[in-house]
Amino acid sequence: MNNDTTLVATNAERIEPIVPMSRAELMRVFVIGLAAGLVALGAYMLLKQYVFDRAMCTTDASATCAQSPTYSMIVSMVLSALATLVALVQSRTFRPLLVVIAASIALWGFERLLVSALPWYLELVLGAVLFGLVYVLFAWVVRIRSFIVAAIVALVLAIAVQLVAIS
């Protein structure tokens, strides 16, 4: 037996550091993000008005009444994130869980961005577009082939989006 055999690669292919993504895939993620925004904002408005305000605001001076928007946002974000995760998995988006986690971090507290001076339907449309853009951003960012690098970049970007939204 000869143990001195050498393996030679005949077709050496270079692996790209970023997973390719077509425009159709980006548009699909944008539409899913739009739907996520409609679900999150619609659920937020309905939960706040018909569930949490009625349960927590029994008196005008109630201290728990101020927490009604926060609880509404938490429940609506969780519902939206779960529905979006299912949609992204079905559309075969690359790393859908990482996209949903990063987008949820970036959009957490979205009720602060709602402007009371706008009509509710305009808030719904603008918020849905914001969700769509954020989901496209993170679907594009997590294409980095190294999971650790993609997760770190997505986390840093999500925190940066939060900081911009707060200021």
Which heavy atom of [X] sits nearest a heavy atom of [Y], and at what distance?
X	Y	result
Ala150	Arg95	CB-NH1, 3.4 Å
Ala102	Ala158	O-CB, 3.5 Å
Val29	Ala139	CG1-CB, 3.7 Å
Val142	Ala154	CG1-CB, 4.2 Å
Val89	Pro96	CG2-CG, 3.7 Å
Gly42	Leu124	N-CD1, 3.7 Å

Treating Ile, Leu, Val, Met, Phe, Trp and Tyr as nodes and any side-chain heavy-atom pair under 4.5 angstrom as an edge, say whether [X] and [Y] lie in one connected cluster.
X	Y	result
Leu97	Ile144	yes
Leu107	Leu163	yes
Met77	Val86	no
Leu155	Phe147	yes
Val156	Leu137	yes

Do [X] and [Y] have side chains that get closer than 4.5 Å, going by heavy atoms?
X	Y	answer
Phe30	Leu133	yes
Tyr71	Val75	no
Pro69	Tyr44	yes
Phe131	Val39	no
Val100	Tyr135	yes
Phe52	Gln67	no

Discussion item. Atom CH2 of residue position Trp108 - does it have more than 12 heavy atoms of other residues, nucleotides or ligands inside 6.0 Å?
Written reply: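 Yes.
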Please confirm whether the backbone N or O of [Y] pairs with a side-chain atom of [X], one donor and one acceptor, at under 3.5 Å?
X	Y	answer
Arg28	Thr93	no
Ser80	Ser76	no
Ser22	Glu25	yes

In Å, rounded to the nearest 0.5 Å, how long is the span from [atom1] of [X] to [atom2] of [Y]?
X	Y	atom1	atom2	answer
Met73	Leu41	CE	CG	11.5 Å
Ile105	Leu157	CD1	CG	11.0 Å
Leu130	Glu123	CG	CD	12.5 Å
Trp140	Ile18	CH2	CD1	6.5 Å
Lys48	Thr70	NZ	OG1	10.0 Å
Met45	Trp120	CE	CH2	7.5 Å

